[in-house]
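In what follows, a single structure is set out as structure tokens and then discussed.
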Amino acid sequence: MRTTRLFSVIDSHTAGHPTRTVISGIPRLRGQSVLAQRADFRAVHDGLRGLLLHEPRGHAAMVAAVPVPSREADQGLFFISSYVYLDMCGHATIGYIASLAATGALPQGFEQNGMSVETPAGIVHVTGTFEAGRLTSVVLRNVPSYLACADVAVEVEGLGTVICDIAHGGIMYALVDASQIDLPFDIDHASRWSRAGMTIKEALNAASSYQVGSVLFHRAIEGGARHLVILAGNKFDRSPCGTGTSARLAQLHARGELAIGAPYRAENILGVPFMAKVAEVAQGTDGQPGIIPEVRGMAHISAFSTLVLEADDPLSAGFLPN
């Protein structure tokens with residue numbers, strides 16, 4: 001075997017959505033901040049995104065967490081998906097912490113004090129719950145989140161008028177009550193929900209000054225809501241979505257429907273939950289009234305792997321079918 005590149009990775013899933021934590025193999029990146037290091041990766045090493053995440057080594061739903069040095073926090077972390085770069089990713093942060101725990105690499109004192117993590121969206125703080133020294137959940141205090149615009153009406157081809165709120169939770173979301181769409185809200189119809197979500201996203205981005213990255217459909221359940229986050233036309237978040245849940249908390253708090261400290265249950269389309277709450281009030285990026293959201297979930301390890309690129313591999317950049 002004639003290898004040119006080796007990458008050590010830990011694969012996990014957070015309520016069903018995958019995270020590939022890249023332990024080694026990423027070249028040294030230039031930049032003083034995590035945002036700058038991500039920019040260097042995108043400019044110089046973007047080909048590695050396909051190698052790490054696309055078929056045949058990955059798939060369309062794969063997300064990678066890339067640890068890098070930080071001058072501002074205990075650790076730096078940026079996120080890449082099979083098709084975009086993410087400023088923040090809650091499920092992948094949870095997957096990264098679970099991967100550290102699985103290898104005994106949590107920093108000293110984490111069980112008592114947690115750790116700070118610099119992301120492209122800002123610095124977040126993570127702690128954990130433990131039983132007999134074993135990590136049982138990860139608690140993420142996300143970046144300030146806020147409701148950007150309420151009751152936005154948009155005409156969507158094939159769906160008519162759709163009403164949504166636009167909120168930021170590290171990424172900008174359109175929050176849509178799923179009862180507006182005449183589809184069963186279950187995993188068997190995920191492809192049709194994905195198409196509906198992408199149509200809403202495209203209509204919103206064409207008509208609104210706010211550019212949304214994803215559409216979060218929600219349907220009320222006792223103590224919270226079931227979430228289905230549509231990422232692209234054929235991609236949806238298997239987890240309840242950490243940044244999406246943060247945006248949802250900001251929406252509910254701004255509308256007076258969720259008090260500080262009140263519990264919120266965010267279920268994914270498979271019924272697996274995150275537990276969340278508004279930890280405190282804060283300001284958004286432009287001074288808007290906002291919140292600090294707290295999201296608790298757990299990731300489970302699925303593989304310890306070494307990814308190999310052979311010198312004569314004809315698909316060194318991978319491929320991603322639509």
Side-chain angles (χ1 to χ4, degrees), residues 8-23 63-65 67 70 73-77 79 88-119 123-143 145 169-170 221-227 237-246 248-249 258-280 291-305:
S8 177
V9 303
I10 302 174
D11 285 352
S12 63
H13 76 86
T14 308
H17 207 74
T19 302
R20 174 162 285 170
T21 297
V22 185
I23 301 299
V63 175
S70 171
D74 297 322
Q75 179 65 59
L77 196 66
F79 314 96
M88 178 56 197
C89 185
H91 97 266
T93 302
I94 293 170
Y96 168 69
I97 297 298
S99 297
L100 292 183
T103 55
L106 285 172
Q108 187 175 5
F110 180 89
E111 189 168 344
Q112 292 75 35
N113 302 314
M115 64 187 290
S116 57
V117 179
E118 182 189 355
T119 75
I123 294 176
V124 303
H125 193 264
V126 287
T127 55
T129 62
F130 292 81
E131 293 181 8
R134 177 179 175 269
L135 181 71
T136 54
S137 73
V138 177
V139 182
L140 166 68
R141 281 205 173 197
N142 198 8
V143 296
S145 302
I221 59 171
E222 185 175 355
R226 181 160 287 187
H227 294 180
D237 194 333
R238 277 71 169 161
S239 83
C241 187
T243 53
T245 297
S246 298
R248 177 86 170 125
L249 294 178
L258 188 68
I260 296 173
Y264 177 84
R265 180 182 177 92
E267 285 188 359
N268 68 0
I269 200 67
L270 300 168
V272 182
F274 287 164
M275 294 305 300
K277 66 180 182 181
V278 176
E280 58 186 87
I291 62 160
I292 298 296
E294 185 174 288
V295 179
R296 176 165 58 88
M298 187 55 186
H300 300 274
I301 304 303
S302 53
F304 297 89
S305 304

Classify the ring geometry between His300 and His13 as parallel (under 30°), tilted (30 to 60°) or perpendicular (over 60°). tilted
Which value, rounded to the nearest 0.5 Å, describes the distance between Asp237 atom CG and Thr243 atom OG1? 7.5 Å
For residues Gly297 and Phe274, report the shortest heavy-atom separation together with the two atoms involved. CA-CD2, 3.8 Å
What I'd like to find out is whether the side chain of Ile10 reaches to under 4.5 Å of the side chain of Arg20, using heavy atoms alone. no
Side-chain heavy atoms of Asp74 within contact of Val117, under 4.5 Å: no
Shortest non-hydrogen contact between Ser246 and Val295, atoms and distance: OG-CG2, 4.0 Å
Drop me the distance from Ser12's OG to Ile94's CD1, to the nearest 0.5 angstrom. 10.0 Å
Could you check Val9 against Phe304 for side-chain contact (heavy atoms from CB on, under 4.5 Å), going step by step and ending with a plain yes or no? CA-CA 6 Å; Val9 303; Phe304 297 89; over 6 Å; no
Check whether any side-chain heavy atom of His227 sits under 4.5 Å from a side-chain heavy atom of Cys241, and report yes or no. no
Taking CD in Glu131 as the centre, count heavy atoms belonging to other residues, nucleotides or ligands within less than 6.0 Å. Is the count above 12? no
Roughly how far, to the nearest 0.5 Å, is the CG atom of Leu258 from the NZ atom of Lys277? 11.5 Å
Please answer whether the main-chain N or O of Arg238 pairs with a side-chain N or O of His17 as donor and acceptor at a distance below 3.5 Å. yes
Can you find a side-chain donor-acceptor pair between Ser239 and Asn268 that sits under 3.5 Å? no
Side chains of Gln75 and Met115, heavy atoms from C-beta outward: is any pair under 4.5 Å? yes
Do Ser137 and Thr129 have side-chain N/O donor and acceptor atoms under 3.5 Å apart? yes
Using side-chain contact (heavy atoms from CB on, under 4.5 Å), reason through Arg226 and Ile269 one step at a time and then give a plain yes or no. CA-CA 6 Å; Arg226 181 160 287 187; Ile269 200 67; 4.3 Å; yes
Minimum heavy-atom separation for Ala276 to Thr245, with atom names? CB-CG2, 3.7 Å
Is it the case that the side chain of Thr103 and the backbone of Leu100 share a donor-acceptor pair, with hydrogens and angles ignored and the cut-off at 3.5 Å? yes
Going by an N to O cut-off under 4.0 Å, is there a salt bridge joining Arg265 and Glu267? yes
Between Asp11 and Ser302, is any side-chain donor less than 3.5 angstrom from a side-chain acceptor? no
I need the Leu140 CG to Thr127 OG1 distance, nearest 0.5 Å. 9.0 Å
Thr21 versus Pro67, closest heavy-atom pair with distance: CG2-CG, 4.4 Å
Any idea which heavy atoms bring Ala299 and Thr14 closest together, and the distance? CB-OG1, 3.4 Å
Minimum heavy-atom separation for Pro293 to Val143, with atom names? CD-O, 3.4 Å
Beyond-backbone contact of Ser99 with Ile301, side-chain heavy atoms, under 4.5 angstrom: yes
Could you grab the distance from atom CD1 of Ile123 to atom CG of Asn142, nearest 0.5 Å is fine? 12.5 Å
Below 4.5 Å, heavy atoms only, C-beta onward: do Arg141 and Val126 meet side chain to side chain? no
What distance do Tyr96 atom OH and Ile23 atom CD1 have between them, rounded to the nearest 0.5 Å? 7.5 Å
Do His91 and Cys89 come close enough that some side-chain heavy atom pair is under 4.5 Å? yes
Please examine the side chains of Phe79 and Met88, heavy atoms only from C-beta on, and report whether any two atoms are closer than 4.5 Å. yes
